[in-house]
Amino acid sequence: MRRLVSRKKALTLVKELDAFPKVPESYVETTATGGTVSLIAFTVMALLAFLEFFVYRDTWMHYEYEVDKDFSSKLRINIDITVAMRCQFVGADVLDLAETMVASDGLHYEPVTFDLSPQQRLWHRTLLMIQDRLREEHSLQDVIFKTVLKGSPTALPPREDSPSQSPAACRIHGHLYVNKVAGNFHITVGKAIPHPRGHAHLAALVSHDTYNFSHRIDHLSFGEEIPGIINPLDGTEKVCTDHNQMFQYFITIVPTKLNTYQISADTNQYSVTERERVINHAVGSHGVSGIFMKYDISSLMVKVTEQHMPLWRFLVRLCGIIGGIFSTTGTHKCTGVPLGKKNHRALVVKIILIIL
């Protein structure tokens, strides 16, 4: 008997601690208004759960910054530039900060026509439109990172027709491996030759009247070449107003480690400042005609990682949506009081607050 009494006391104590008291069914009244509210609640729950699933599927790019400790590796330069001069009149090479001339064996000189075909011109205009949007909307770069290897190729499509005139321009394309220090990649008159104090170009035999450094940069990147990535100078086209003209590009390279669900690669991003001027020694504008790309490497490295919402967080958010709407729309049933206009408005406000 004593054990039975103690059990009853324990059960009574546990019942008093019940934070979720049950309402007897005799006090519960079903109404058309309550059914309507329930239907609206289930519809809102289904809609919010559907939208939350799309949020769960979405990914975002996370950026981290740290000091770049890799100084021993080589830097790859990917080049595809067309110059409005014949190939025998121009030469391209790299001279780094230590006055070391880098061999340009990886570059190929191909005689081409400078003017683009209609299909190539359409491709070029589309690329320029994308570049303009990227300068205005920096967040689009995240979209490009996430869609690498899926996007359309960024290389200039082959010419679909045969030009009527003989090729008078030169396409310089290929890649170079240079020391990971500041340097100067340039295209100027004459082929480069080694020199005890650096290097020189054989420009004496080329007439000044043939100088024309109008050019188009179809592609310029540093590091591993990744399809789908658009670089700041891709699609740049410059037309000379004088035979003796210098084009300068000051480039700052930022080492980048890209880790997405599509690819994992070590590459580089860069920013660029452009400058051009006419060479006229009579007015004090000195220099050498040509295309000069002076690059420097940042000491900071960027890690770009594609992240995804964890499954447990998605389930917690989903339970919060369902539980919040259930607790809000179920209050009138617990009181046994019909839902009036004021209570109806308060309920609608609560549901809107949950949605927001």
Side-chain angles (χ1 to χ4, degrees), residues 61-81 92-98 100 102-107 127 130-131 134-135 137-151 153-156 172-187 217-236 247-275 291-306:
M61 308 306 295
H62 178 69
Y63 292 82
E64 294 179 328
Y65 303 90
E66 63 180 40
V67 177
D68 184 18
K69 300 177 182 178
D70 183 13
F71 300 104
S72 59
S73 63
K74 295 288 186 177
L75 176 66
R76 172 171 169 157
I77 306 178
N78 308 297
I79 303 163
D80 191 349
I81 302 176
D93 62 288
V94 177
L95 191 67
D96 63 19
L97 192 61
T100 303
V102 179
S104 57
D105 299 337
L107 296 181
L127 181 58
I130 296 174
Q131 291 282 28
L134 285 173
R135 294 187 185 98
E137 301 289 341
H138 299 285
S139 59
L140 291 178
Q141 188 64 48
D142 293 350
V143 179
I144 293 179
F145 281 149
K146 290 191 288 186
T147 57
V148 292
L149 305 178
K150 288 185 177 180
T154 56
L156 181 69
I172 304 173
H173 59 98
H175 61 270
L176 298 171
Y177 287 95
V178 300
N179 297 322
K180 205 170 180 181
V181 295
N184 180 3
F185 170 76
H186 52 271
I187 302 173
I217 304 175
D218 294 322
H219 180 77
L220 179 68
S221 64
F222 300 86
E224 184 179 347
E225 193 171 2
I226 303 175
I229 296 293
I230 300 177
N231 299 280
L233 283 177
D234 292 355
T236 300
F247 296 91
Q248 292 176 304
Y249 299 93
F250 301 93
I251 300 172
T252 301
I253 304 171
V254 181
T256 304
K257 286 188 176 182
L258 182 62
N259 293 304
T260 69
Y261 293 109
Q262 300 294 330
I263 190 174
S264 178
D266 292 338
T267 183
N268 296 273
Q269 303 178 79
Y270 66 88
S271 61
V272 61
T273 303
E274 305 174 12
R275 184 188 177 192
I291 306 165
F292 297 86
M293 299 181 178
K294 299 181 179 181
Y295 60 87
D296 196 3
I297 302 175
S298 173
S299 59
L300 292 179
M301 181 178 63
V302 180
K303 286 186 176 181
V304 184
T305 307
E306 185 177 8

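As the structure is a computational prediction, the values presented were derived from the model and not from experiment.
Shortest non-hydrogen contact noted between Tyr295 and Asn184 is CE2-N, 3.7 Å. The two atoms that bring Gly174 and Leu107 nearest to each other are C-CD2, 4.0 Å, heavy atoms only. Of all heavy-atom pairs spanning Leu300 and Val254, the tightest one is O-CG1, 3.8 Å. Of all the heavy atoms in Ser298 and Pro255, the pair that sits closest is O-CD, 3.8 Å.
Residues that satisfy the side-chain hydrogen bond (donor to acceptor under 3.5 Å, both in side chains) test with Lys74, not counting sequence neighbours, are Asn179. Applying the side-chain hydrogen bond (donor to acceptor under 3.5 Å, both in side chains) test to Ser264 and every residue at least two apart in sequence or in another chain returns Asn259. Here Lys180 pairs with Asp68, Asp70, Ser73, Ile297 under the side chain to side chain contact (heavy atoms under 4.5 Å, CB included) rule; sequence neighbours left out.
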Pair Tyr249-Ile291, side-chain contact (heavy atoms from CB on, under 4.5 Å): steps then yes or no:
CA-CA 8 Å; Tyr249 299 93; Ile291 306 165; 4.0 Å; yes
Thr236 vs Leu220, side-chain contact (heavy atoms from CB on, under 4.5 Å): CA-CA, chis, key distance, verdict
CA-CA 10 Å; Thr236 300; Leu220 179 68; over 6 Å; no
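Taking the six-membered ring where the residue is Trp, Tyr65 and Tyr63 present parallel rings, their angle staying beneath 30° rather than reaching 60°.
Ring centroids of Phe222 and Tyr270 are separated by less than 6.0 Å, placing the two rings close together.
Side chain of Asn78 to backbone of Gly223: a donor-acceptor contact under 3.5 angstrom is found.
Here the CD-CG distance, from Glu225 to Asn231, works out to 8.5 Å after rounding to the nearest 0.5 Å.
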